[in-house]
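All remarks here apply to the structure that follows.
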Amino acid sequence: GFGVQGPIDSDGPLIMSSARPNGVTASIVLAILLTAPSCRSGHPVSRTNSFALASTPESVPRFGFFEMAWRAEHPFPNPFIDVVVDAEFTAPDGARIAVPGFYYGSGRWMIRFRPYAAGRWEYSWELQADGVRTQGRGQLDCTSRDDGKGRVRPNPANSMRWVFDNGDPYFPIGLQEGITLQSPWLGIDGEGRNGPRRDVSVEDYFKIYGDAGFNLFRFSQRNSGDPLFDDLDHYRERESIFTDHLLDTARRYGMRVFFGFFGTYDLWAPTRYERWIRRMLTLGLRRPREAINRPEDSATIEKEERFVRYCIARWGAYADFWELLNERLAADQWTSRMAAYVHAVDPDHKPVSTSWEKPALREIDINAPHWYESERALDSDLRVRQVAAEWKRFGKPVVVGEQGNSGMNWDPGSALRMRIRAWTALFQEISLVFWNTSWSKAGMNYGRYVPGDSNIYLGPEERSYIRTLGDFAARLDPDVRIGEISVAGGDVRGYALKSPRLTAAYLHHYGDHSTVLRAVKVTLASPESRRLVAEWIDPATGAVVSRAPVRQGEPTLDVPPFRVDIALLVM
């Protein structure tokens, strides 16, 4: 395989269930994949028909990765569809969770699940094939040792923010890249279109960008990535296995996943010409391939729901956010029905978005606009504030699904623009997902500056800026909200966050970026503590410019000299 958790080769160890197959045509047998850490079924098992092995349940950490797999002796014509797998897990508190299964490939069907509570879990499973059902039961122990922070959830105290299951705050800083099975090497840090660059593996790519502070990866099939199906009746095995590898690698390097089901859907093709030809042929043959604007087409919608179920079953253990479409207009009725179906099938009830965005619909949980612009860096904070006010008016969290420049992915001001945008976004309670094109600084439009969406270059300078921002955000708590701030002494716009424990601020010198500002004062609320320290930080380098005690109730502070921007943390 491509690094999917657990051994998946055909010669790997299997533990056979003692439950009988009850005559299912393909003689499906239960096999628990031996992962580390993993767990085995809590009933007697045998390695062969004549050798029995009794085992007690092994443990999986809270939020750890639990997998079961079944193998068939004989092939099915369409294994993705011909066999239906379902499981139900009962939590220690009695809550019941339905978990769908899927066809993995190489003659295996699987269940993936992350238990969220410590204690003894019970589970049952059922397979349906050729009109026959086979069933089984088991147990697993979930230890109190956490394997990570858990799922991402809306912050119950602030509808614009996110928290993990363990209560820690989550401030997304995302990226997207066109990564395909056919391109195992990714180019980064390219100085010129034909100049030197670094070619890195998928593993190295996610390590580099994860270490830089990016903590969200947007995966959108049929959107500069591999398609996962040929049509709604035929899914792609190799591309699905590669997607396992891709998302698993992203998670291992600290990124959560924003997963898109359909991408650009039926409009997808390698080139615009091929896309046009495909669309014309589809219309000419009167063979509709999608129902996004035909909500009365129940037969196609049921097939779309079947594919959504497959994605939830296969990649739900990796994803924290769902997205229905990418830059496609769909009927409200279709969008509402599909989002409701996602909520019904997903065991974790993760939030759902779509693009083009439809935040007014009750079933859509996230406003996910796209934003490409090459404004002056002097105006970047103002533009973030303006668009954030528009996007947030629906009262739902905002994740900008694609963010970048217009004209070209890099220009002399793009790194600074990105820095100011990212810092202001944190203080305006929205999140940005940058579309990365870093194999060349002239990597778009054949190297020509053309009006329109042009992604962004995330090279060493840009990554260093995100690293500093990520380190700053890691010191905030889940209770921060937008606070009041006033600035005196120069052309400076200020932004503040406040919680009972801390106060944070970000100042941008919008007048010019060449003059050093002095004698600037900032007034903002102080945290509820007697012993406070004000720490001023340079967003360009992460260096602490000054650090000094602050008297309780002192609202006005002197700002150290700065040229472009400066950040403050009082706690």
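Along the sequence shown, residues carry numbers from 1. The analysis underlying the following values was restricted to heavy atoms, covering all of them including side chains, and did not include hydrogens, waters or symmetry mates.
Geometrically, Arg328 does not engage Tyr265 in a cation-pi contact defined by less than 6.0 Å to the ring centre and at most 45° from the axis. Under the 6.0 Å distance and 45° angle rule, Arg96 does not count as a cation-pi partner of Phe89. At least one cation-pi condition fails for Arg161 and Tyr170: the charged atom is not both under 6.0 angstrom from the six-membered ring centre and inside a 45 degree cone around its axis.
Classification of Glu390 and Arg385 as a salt-bridged pair fails, no side-chain N sitting under 4.0 Å from a carboxylate O. Ion pairing of Asp365 with Lys396 is absent here, as no side-chain N (NZ or NE/NH1/NH2) approaches a carboxylate O to less than 4.0 Å. Between Asp348 and Arg114 there is no salt bridge, since no side-chain nitrogen of the basic residue lies less than 4.0 Å from a carboxylate oxygen of the acidic one. In summary, Asp320 and Lys350 do not engage in a salt bridge, as defined by a charged side-chain N under 4.0 Å from a carboxylate O. Comment: Asp411 engages Arg417 in a salt bridge, judged by a side-chain N to carboxylate O separation of less than 4.0 angstrom.
Within the 4.5 Å cutoff, the side chain of Phe258 has no heavy atoms near those of the Phe219 side chain. In this structure, Ile179 and Tyr205 have side chains that are in contact, with non-hydrogen atoms separated by less than 4.5 Å. For the pair Leu432 and Ile173, the minimum side-chain heavy-atom distance is 4.5 Å or more. In this structure the side chain of Ser431 never reaches within 4.5 angstrom of the side chain of Val400, judged on heavy atoms.
Exactly one of Trp315, Phe206, Tyr209 qualifies for a ring pair (Phe, Tyr, Trp, His ring centres under 6.0 Å) with Phe217. That residue is Phe206. Between Asp538 and the choices Val544, Val545, Val564, the side chain to side chain contact (heavy atoms under 4.5 Å, CB included) rule is met once, by Val545.
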**Report entry** Evaluation steps, ring-ring contact (aromatic ring centres under 6.0 Å, His included), between Trp356 and His370
**Finding:** CA-CA 8 Å; Trp356 298 113; His370 293 181; 5.4 Å; yes

Verify side-chain contact (heavy atoms from CB on, under 4.5 Å) between Phe321 and Val352, making sure each step is shown before the conclusion. CA-CA 6 Å; Phe321 309 91; Val352 180; over 6 Å; no

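Between the side chain of Asn409 and the backbone N or O of Thr437 there is at least one donor-acceptor pair closer than 3.5 Å. Distance alone, capped at 3.5 Å, is enough to place a donor-acceptor pair between the Ser355 side chain and the Glu327 backbone. Remark: the backbone N or O of Ala331 is paired with a side-chain donor or acceptor of Asn293 at under 3.5 angstrom. One N or O on the side chain of Asn215 and one on the backbone of Phe171 form a donor-acceptor pair closer than 3.5 Å. Here the side chain of Ser353 pairs a donor or acceptor atom with the backbone of Trp322 at under 3.5 angstrom. Judged by distance alone, the side chain of Ser380 and the main-chain N or O of Ile420 form no donor-acceptor pair under 3.5 Å.
Pairs of residues two or more places apart, or lying in two chains, that qualify as salt bridge (charged side-chain N to carboxylate O under 4.0 Å, His left out) and include a residue from residues 329-339 are Glu305-Arg337, Asp332-Lys358. Screening residues 375-384 for salt bridge (charged side-chain N to carboxylate O under 4.0 Å, His left out), with sequence neighbours left out, gives Glu373-Arg383, Glu375-Arg421, Arg376-Asp379, Asp381-Arg493.
Side chains of Arg306 and Tyr310: no donor on one and acceptor on the other come within 3.5 Å. At a cut-off of 3.5 Å, with distance as the only test, a side-chain donor of Trp334 or Glu304 sits close to an acceptor on the other residue. A donor-acceptor pair shorter than 3.5 Å cannot be found between the side chains of Asp189 and Tyr457. Gln403 and Tyr372 are not linked by any side-chain donor-acceptor pair at a separation below 3.5 angstrom, with hydrogens and angles left out of the test. Neither side chain, Thr354 nor Thr335, offers a donor N or O lying under 3.5 Å from an acceptor on the other.
For the atom pair Ile466 CD1 and Asp471 CG, the distance stands at 11.0 Å (nearest 0.5 Å). The CD1 atom of Ile537 lies 6.0 Å from the CG atom of Leu569; values are rounded to the nearest 0.5 Å. Between the CZ atom of Arg501 and the CE atom of Met571 there is a distance of 3.5 Å, given to the nearest 0.5 Å. Expressed to the nearest 0.5 Å, how far CE of Met160 lies from CD of Glu429 amounts to 7.0 Å.
Heavy atoms from other residues, nucleotides or ligands lying under 6.0 Å from NZ of Lys392 number more than 12. Counting heavy-atom neighbours within 6.0 Å of Glu461 CD, excluding the residue itself, gives a total above 12.
Among residues two or more places apart in sequence or in another chain, the side-chain contact (heavy atoms from CB on, under 4.5 Å) test is passed with Asp168 by Lys149, Phe164, Asn166.
Two rings, from Tyr253 and Phe214, have their centers 6.0 Å or more apart.
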